Amino acid sequence: MKTIENKEGNETIDSLPSSTKPAIELKNITKRFGHVVANSDVNLKVSTGTIHGIVGENGAGKSTLMNILFGLYKPDIGTIFLNGQAVDVNSPEKSIALGIGMVHQHFMLVPTFTVLENAMLGNEGSMVLKSGEKVVLDRLKGLSKNYGLDVDFKAIISDTSVGMQQRVEILKALNRGAKILILDEPTGVLTPQETIGLFDILRSLRGQGVTIILITHKLKEIISITDTVSVMRGGKVVANFSTEKTSPEELAENMVGRKVLLSIKKPYFTVGKPVLEVKNVSHESKDGVHVLNDISFDLKEGEILGIAGVAGNGQSELLDILSGIETLQKGQITVNGKTILPYQDWNSKKAREFGVAHVPEDRHKRGLVLPFYNYENSILGYHRNEDYSSGFLMDKRKILNFVDDLVENFDVRPRSSSISSGKLSGGNQQKLVLAREIESNPNILLVGQPTRGVDIGAIERIYEDLMKLKSKGTAILLVSVELDEIMSLSDRIIVMNQGTIVGETNSSHATELDLGKMMSGLEQV
Amino acid sequence: MSESNIIPKWLTVGVIPLINLFLAFCVSGLFIFFIGENPFRAIFVMIKGAFYYPGAIGYTLYYTTNFIFTGLAVALAFHARLFNIGGEGQAYVGGLGVGLVCLIFDQHVVGFLVTILAILGSVFFGAIWGIIPGYLQAKRGSHIVITTIMFNFIAAALMVYLLVNVIIEPGQMSPETRDFASGVGLVQLHILAKYLGLEMAMSPLNLSFIVALTVSVGFWFLVWRTKFGYEVRSLGHSETAAIYAGIKVSSTIIIVMAISGGLAGLVAINELLGVHNKLLLGFTAGYGFTGIAVALMGRNHPFGIFLASLLFGALYQGGTELDFEFSSITREMVLLIQGLIILFSGALAYMLSPLVERVYLKYYGNYNNG
């Protein structure tokens, strides 16, 4: 069945109108890390002047494959053909010289340089910077006009928006002569409006013969922008489609290898009394930037309150203050009837004592100590609890009993208490963190980016767990940059932009467009 | 996933250090060869010097004791990702603790009690010398590497001043205190053996060795079995996760440095209470610095530290013999060999792991995969 699909897909790609030789052809690429096979016999063909999507769960091998194409890894077996010629891409320099450009998920820009200085990096025009600048500026202006890449060349990168930084990255690649552009999760940091802008740019690049590979996990985007799409699973390309002949459902099914239902049944629970009240909270970062301005809201028992916003608009700081990681500077917080005032003794330990559990946005930096075994991580933050210790000693047997139940009940795979948490997949790490926080029986749960870097199978499970918790009456504050997630899980949504709450809406009448407008700060509701 | 997790532990902890050691000896052998001596005979002399002659083992274990203390001191700080280079100064100041306690009390209190107090004094004074850099790191952000190095110099200067001007035995020239009273001190094991009717060659090995072994077990317990150890390790692996877990970073740093300094301070009980029976200049003789290599080689685990200490103890003792036996091999040559061992097993510890990994996977990779 799979093979038939495969064949059909390949035929459609071959029959696409394009130049005779495909821009990129990967043949039998295999890459192992120890006994982990990251790519196994991967074949991929992308025709010149098309947009090709690659979808797959985390760990499916997308990034490895792109890193091979960009010369960061050397494949164990296999050949890369560019325009029909076998090439040996053994370093990023070589790959740039061959006309491949990559826009990484996390931008590689010098924050204190201007847009021009960044865009010319790697192709400065001449030995003497000043005279080179003129040459490059003319060239960049041409490129910028040609493809609708609107940037302000004099602006300092750190002052510019994420959208502009991304355009600078694209310009930088084009300035180095890229004819093939790889974009890794380019829309993760963009508002819906910025995404539309990016897609316009990509279409105009395609119109002028640039070949684009787009890696994303957002199936809707694949459908709206790509010409062809490959699905990766377990290090293999399991299916190729012509985009117009496929659907998000079919792609999801191929990604996971089974049917997935991502629709969520919200349990019925009458919202109770407020358990978390935030009043006029403002916060200044260490560099004196006002990251939060006069934030007020409340959260009730059994309610899921979603906080939407583009990453970096104060949501992280808000979570940090509520969970006790940051000191409260201004305003007041009431947690289960206990009021916290500015500069009072408020820390993570106390927050837990007050019944606030926290699934942090960054599980690698905060939620887990990666080299620790699962059983050690299963009590992180609760290690003082008398359930796991007697006096100043830890009770290893009790902890092991606890973690065995934990991995069983929350389906953490592999079901092992004595494996380093760093070796788990993103989804299983997140399940472990969530399990630990839920098991502490909180009545307020703060959740940041619950499904970032988590595969679809685990997302299903995480949503279920959150809903179960809600039905028990726990109040949940959900911060996410995934609008779909916010819209489908929350009862109520507030939108943050530049540290301010710019709007509040009931999730039943929120539309993506309205939220997008609020997120970009265009419209106050 | 991450490459370093592929090969089993016995390779990384057992085989690789042995290969490193072997390489260090090979290179040392080359040097000995170049100065015109027979490297095999040199090795033979060294091993005989460290283990064979009457009392040799005692001397080796006496050095080992010092390295266990300083190795554990460095290792504990490492667990909190603090690089305590100040073991030397902490040991030195620990000696001041011993000296002061003995000089003040030994005329009035029974020797046994004075000894106990002196041990506590070494820990307490060493701890203070660790707490100050710890505090500066935790509260003021002064880098612990810089401050602990500086504190080594301050300790050295302070001790010279005190020994020359203040606590020197009146009426004599060498900068030493008077001898401690006769009942004070840790008994040497060969004397203890005689009491028990056993024959044991004379050596400076004393009860401090037993203290060192006990402290090693305590160290393991503290780091891997207590809440405090859990917090220290969390902090060491990820400060952000430690803050998330509600662990107080600055107080943990200060306590770790206190214990670390206290452990280093215990060198003084071996040297002063066990051997010299007075406080004197320069008794630390670089043990604090070698402790860094010991901790590195011992992978911050007390058992590893014991083995590494034994190795360095044998090198010190065997090295003396080498110096004695060969006119062309000087004390500096012995230092060179020690340096090479530190280089290969400390600084280049992971140099060979990709190779070993590849060889292992070639022969066992498929077996494990199934």
Side-chain angles (χ1 to χ4, degrees), chain A residues 32-38 59 319-320 323-326 346-353 356 358-373 375-377 379-386 388-396 399 419-425 433 436-437, chain B residues 1-9 11-12 78-81 141 218 220-252 255 299-300 353-354 356-370:
Chain A
R32 284 195 192 88
F33 297 106
H35 12 258
V36 180
V37 184
L319 275 184
D320 283 356
S323 63
I325 290 172
E326 279 285 344
W346 176 239
N347 53 44
S348 314
K349 190 177 157 199
K350 196 156 242 177
R352 288 195 180 85
E353 285 164 10
V356 181
H358 178 203
V359 177
E361 292 184 301
D362 190 335
R363 58 178 169 269
H364 288 174
K365 263 177 77 184
R366 288 239 170 97
L368 296 167
V369 178
L370 291 179
F372 270 12
Y373 296 120
Y375 76 85
E376 292 174 303
N377 269 317
I379 54 163
L380 187 70
Y382 302 96
H383 56 279
R384 300 173 204 85
N385 196 322
E386 290 299 318
Y388 317 123
S389 57
S390 43
F392 59 92
L393 293 182
M394 312 269 277
D395 191 330
K396 195 171 167 186
I399 299 171
I419 181 175
S420 294
S421 303
K423 289 186 185 169
L424 301 180
S425 72
V433 175
R436 177 184 71 209
E437 298 306 315
Chain B
M1 313 235 172
S2 146
E3 281 104 308
S4 58
N5 292 325
I6 297 164
I7 53 176
K9 218 172 170 181
L11 268 179
T12 52
F78 264 144
H79 279 292
R81 204 181 281 169
W220 178 83
F221 218 74
L222 177 74
V223 172
W224 281 281
R225 282 291 175 271
T226 64
K227 284 187 224 177
F228 176 72
Y230 179 85
E231 298 195 342
V232 169
R233 287 182 299 125
S234 305
L235 175 63
H237 287 305
S238 168
E239 184 173 333
T240 44
I243 295 171
Y244 163 80
I247 294 166
K248 286 193 178 129
V249 175
S250 48
S251 56
T252 309
I255 297 171
R299 305 270 173 144
N300 305 318
S353 50
V356 172
E357 205 166 86
R358 230 173 303 143
V359 171
Y360 171 78
L361 285 177
K362 196 165 172 191
Y363 293 102
Y364 296 96
N366 293 332
Y367 172 73
N368 258 24
N369 217 2

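Keep in mind the model is a prediction, meaning the values are calculated, not measured. So that the names make sense, note that chain A is the first sequence line, chain B the second, and so on, each numbered from 1.
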> Is the count of non-hydrogen atoms from other residues, nucleotides or ligands lying under 6.0 Å from A:Tyr373 atom OH greater than 12?
Replying inline: no
> Checking A:Lys365 side chain against B:Ser238 main chain: does a donor-acceptor pair fall under 3.5 Å?
Replying inline: no
> A:Gly324, A:Ser389, A:Ala351, A:Ala38: which one forms the most heavy-atom pairs within less than 4.5 Å of chain B?
Replying inline: A:Ser389
>> Both conditions, 6.0 Å and 45 degrees, for the charged tip of A:Arg363 above the ring of B:Tyr244: are they met here?
In response: no
>> Is A:Phe392 close to chain B through its backbone or its side chain, or both, or neither, when contacts mean heavy atoms under 4.5 Å?
In response: both
> What residue, out of A:His364, A:Lys349, A:Arg366, has the most heavy-atom pairs lying under 4.5 Å from chain B?
Replying inline: A:Arg366
>> With a 4.5 angstrom heavy-atom cut-off, is it the side chain or the backbone of B:Glu231 that approaches chain A, or both, or neither?
In response: side chain
> Side chain, backbone, both or neither: which part of A:Leu368 has a heavy atom under 4.5 Å from chain B?
Replying inline: backbone
>> Given 3.5 Å as the limit, does a donor-acceptor pair link the side chain of A:Ser348 with the main chain of B:Ile243, or not?
In response: yes
>> So for B:Ile247, is it side chain, backbone, both, or neither that comes closer than 4.5 Å to the heavy atoms of chain A?
In response: both
> Nearest 0.5 Å, what's the NE2-CZ distance between A:His383 and B:Phe228?
Replying inline: 11.0 Å
>> Keeping B:Tyr230 on the side-chain end and A:Glu376 on the backbone end, is there a donor-acceptor pair under 3.5 Å?
In response: yes
>> Please classify the contact between A:Arg384 and chain B as side chain, backbone, both or neither, with a heavy-atom cut-off of under 4.5 Å.
In response: both
